[in-house]
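Below is one structure, written out as structure tokens, with a few remarks after it.
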Amino acid sequence: VCIKDVLKKARLNSKEYEGTVCILDGMAVIQMHKSSGASTFGELALKYFTIITSQLSHNNCTVVHLVFDQYWPHSIKAGERSRRGSSETHEVKITGPSTPVPKQWGKYILNPKNKTSLCDFLTSSLCKLGQEKLPHGKQLIIAGGFLDGEIAVGIARECPVQQIGVLKSNHEEADTRVILHAAYAAKESPASVIVIHSPDTDVLILCITHFKEIGCQELWLRTGVGDRQRYIPVHTISQYLGTSICQSLPAFHALTGCDTTSCIAGLGKKKPWKTLKRKLEHQTTLNLLGQQQYLDDTTASKIEAFICDLYPVSRRNSHTLDELRYLMFCQQRHKRKNEVLPPTSDSLKQHVKRANYQTYIWRGSLVPMLNLTSPNEHGWEIEDGYVRPFYMTKEPAPSSLLELTTCNCNKSHCQGNCSCSNIGLSCTEACSCMGDETCSNPHTLHYLSESDSDVDSDDNAEGEDAR
């Protein structure tokens, strides 16, 4: 949706640039190339070294960054990893380069312990290979793959491996850490073009959001493989969207569904995106999300107003999702499934807590060391050692609501054979008449609106003055 009108290139023209810096998502490289036909882990490391350093022969590339995820025991990505498939079996200990690569690579790589040991072996092997085989004047920077996932090191041919203090980071996800590396690259090589290689939508969102803070002239995202490989000009998209939209993107993405948060049933992303672009007040609201680690009530209520605005306008204005949900249930309960009703205000609050926490992490992409509190304070719960969403604190609807008697009186205004009037009940919002002032059911109670009450109060006051 964001980039459909923006030019995408199938390749970059190396003659246009004095130099480039490539930043790779390490696990994305592994998922793409798998075992590469290697029979041992030593052979696998050599093949990965060739794949990774091949970037140095294109587009005048001088530095390659390889950034890995960290695997925390209580991760908010546990649900997404479970959906993709995870396995606690087939743990393989890599004792050295001669350890055979498992034939069932798919099952092997699903185990988080195997991922951790593989990344540690590869990073250590790549350091040694880099010292021996890197071209002179070229550099390889590796972060996140070691057992101490916080450290980052620089490797050059025939030089000792050196830790890079400013790139030491406790980020769990490579998605955010590549942004930190991009800012470092822009500072170290101001004239260079930065190219981030990632298939992840989250990375594109973060690149657009932080482009101005990164401080480079041009930032490209390379995604896809083979004939579908494309270079997306982040700098062009950032200028095209404008500052307000760019800064609201992380909150928008977290609210409408990402790897760590669910989407809202029946909404998707297109309609919220159109609403966001149309109304500046919603952009301002979403810019508030994730500015602090804990969600405040003011921001929560403004986000609820944004979500309310995504649903069709009814005959009565709704200021909360509970009101909107009730009216939509009443008026459409015979036409639509309950699953597409808006969430309750209570369940949305938990969802917004999770979105706020994720957005806070994304907004902190350029902060190397984040001081994060436990996810169970932000809309998740830890159960049996796993982090799971905590959905609501209240029931989704009172049981009596599901047993409502309603009428379908339209033209008669409940003067004729009204099913509610016949059994001595008042009409409600669930009826076609909605129990409003046009309803003639004698059992229906009509309530004055606030404006009517003000008028009556003024009339009474004038009467007292006249006396």
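All residue numbers in this chain count up from 1 along the given sequence.
- Crowding of D148 atom CG: a count of heavy atoms from other residues, nucleotides or ligands under 6.0 Å exceeding 12.
- Residues forming a side-chain contact (heavy atoms from CB on, under 4.5 Å) with E43 (at least two apart in sequence, or on another chain): A38, S39, T40, K47.
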Scan the side chains in residues 245-258 for donor-acceptor partners under 3.5 Å anywhere in the protein, sequence neighbours excluded, and list what turns up.
unit_1	atom_1	unit_2	atom_2	d
Q247	NE2	T209	O	3.1
S248	OG	S244	O	3.3
S248	OG	I245	O	2.8
H253	ND1	K269	NZ	3.1
H253	NE2	D202	OD1	2.7
T256	OG1	F252	O	2.7
T256	OG1	K269	NZ	2.6

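- A side-chain contact (heavy atoms from CB on, under 4.5 Å) with V153 is found for exactly one of I141, L140, L126, I142, namely I142.
- Residue pairs meeting the salt bridge (charged side-chain N to carboxylate O under 4.0 Å, His left out) criterion with at least one member in residues 376-390, sequence neighbours excluded, do not occur.
- Put simply, the side chain of R230 never gets that close to the backbone of L221: no donor and acceptor are under 3.5 Å apart.
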Please tabulate, for side-chain N and O atoms in residues 157-168, each donor-acceptor pair with protein atoms closer than 3.5 Å (sequence neighbours left out).
unit_1	atom_1	unit_2	atom_2	d
R157	NE	E132	O	3.4
R157	NH1	L134	O	3.4

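- Residues in residues 284-305 take part in these salt bridge (charged side-chain N to carboxylate O under 4.0 Å, His left out) pairs, two or more places apart or across chains: D297-K349.
- Judged as a side-chain contact (heavy atoms from CB on, under 4.5 Å), and not counting sequence neighbours, K187 has no contacts.
- Applying the ring pair (Phe, Tyr, Trp, His ring centres under 6.0 Å) criterion to H235, with sequence neighbours excluded, gives W220.
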For residues 28-36, which side-chain N or O atoms pair as donor and acceptor with protein atoms under 3.5 Å away, sequence neighbours left out?
unit_1	atom_1	unit_2	atom_2	d
K34	NZ	Q31	O	3.2
S36	OG	H33	O	3.1

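- Between K394 and D346 there is no salt bridge, since no side-chain N of the basic residue sits under 4.0 Å from a carboxylate O of the acidic one.
- Checked against ring pair (Phe, Tyr, Trp, His ring centres under 6.0 Å), F68 has no partners two or more places apart in sequence or in another chain.
- For F146, the ring pair (Phe, Tyr, Trp, His ring centres under 6.0 Å) criterion is met by no residue, not counting sequence neighbours.
- Evaluation of the ring pair (Phe, Tyr, Trp, His ring centres under 6.0 Å) rule for H181 yields H65 as partners, not counting sequence neighbours.
- Around the CD atom of Q292, the shell of radius 6.0 Å holds more than 12 heavy atoms that belong to other residues, nucleotides or ligands.
- Aromatic rings from Y360 and H378 are positioned such that their centres are separated by 6.0 Å or more.
- Among residues two or more places apart in sequence or in another chain, the side-chain contact (heavy atoms from CB on, under 4.5 Å) test is passed with E213 by H210, L366.
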